[in-house]
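Heads up, the thing below is written out as structure tokens.
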Amino acid sequence: LVIAWLVFAGDSRAAFRAAVSADAGTWVRARAWALWKAALTLAPDGSVAPPLAVIEAVLAEQAGR
């Protein structure tokens, strides 16, 4: 649902939320993901882990490695 902040604004965002029937908790999580994604774009180059490294670390932890 993070796409709601990347593509829609105002009334269209509200219409999207209504169309997907997102409950309050899901909508809060989607909003947090949008904030996280936007914050990454503000980070100076090299100040955060490369996306592939993050994906690999998350998958490794999930696999118990």
Side-chain angles (χ1 to χ4, degrees):
L1 297 178
V2 69
I3 198 76
W5 280 269
L6 302 175
V7 176
F8 304 115
D11 291 341
S12 61
R13 186 178 300 136
F16 177 83
R17 181 181 182 183
V20 297
S21 301
D23 61 64
T26 299
W27 196 246
V28 167
R29 286 187 296 278
R31 188 171 58 228
W33 277 105
L35 180 59
W36 171 80
K37 184 170 180 55
L40 281 180
T41 65
L42 296 175
D45 289 341
S47 66
V48 296
L52 186 55
V54 174
I55 292 167
E56 289 170 346
V58 169
L59 293 176
E61 183 172 309
Q62 177 64 29
R65 292 183 263 152

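No experiment lies behind these values; they were computed from the predicted model shown. Sequence positions, counted from 1, serve as the residue numbers for this chain. No hydrogens, no waters, no symmetry mates; every other heavy atom, side chains included, goes into these values.
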Name every donor-acceptor pair, under 3.5 Å, that has one atom in a side chain of residues 14-27 and the other anywhere in the protein, sequence neighbours excluded.
residue: D23; atom: OD1; partner: G25; partner atom: N; Å: 3.0
residue: D23; atom: OD1; partner: T26; partner atom: N; Å: 2.8
residue: D23; atom: OD1; partner: T26; partner atom: OG1; Å: 3.1
residue: D23; atom: OD2; partner: T26; partner atom: OG1; Å: 3.2
residue: T26; atom: OG1; partner: R29; partner atom: NH2; Å: 3.1

For L35, what are the other residues in its hydrophobic cluster, where any two members join if their side-chain heavy atoms are less than 4.5 angstrom apart? none
What pair of heavy atoms forms the shortest contact from W5 to R13, and how long is it? CD1-CZ, 3.5 Å
Heavy atoms of A30 and L1 approach each other most closely as CB-CB, 3.5 Å
Pairs under 3.5 angstrom only: tabulate donor-acceptor contacts from the side chains of residues 51-63 to other protein residues two or more places apart or in another chain.
none

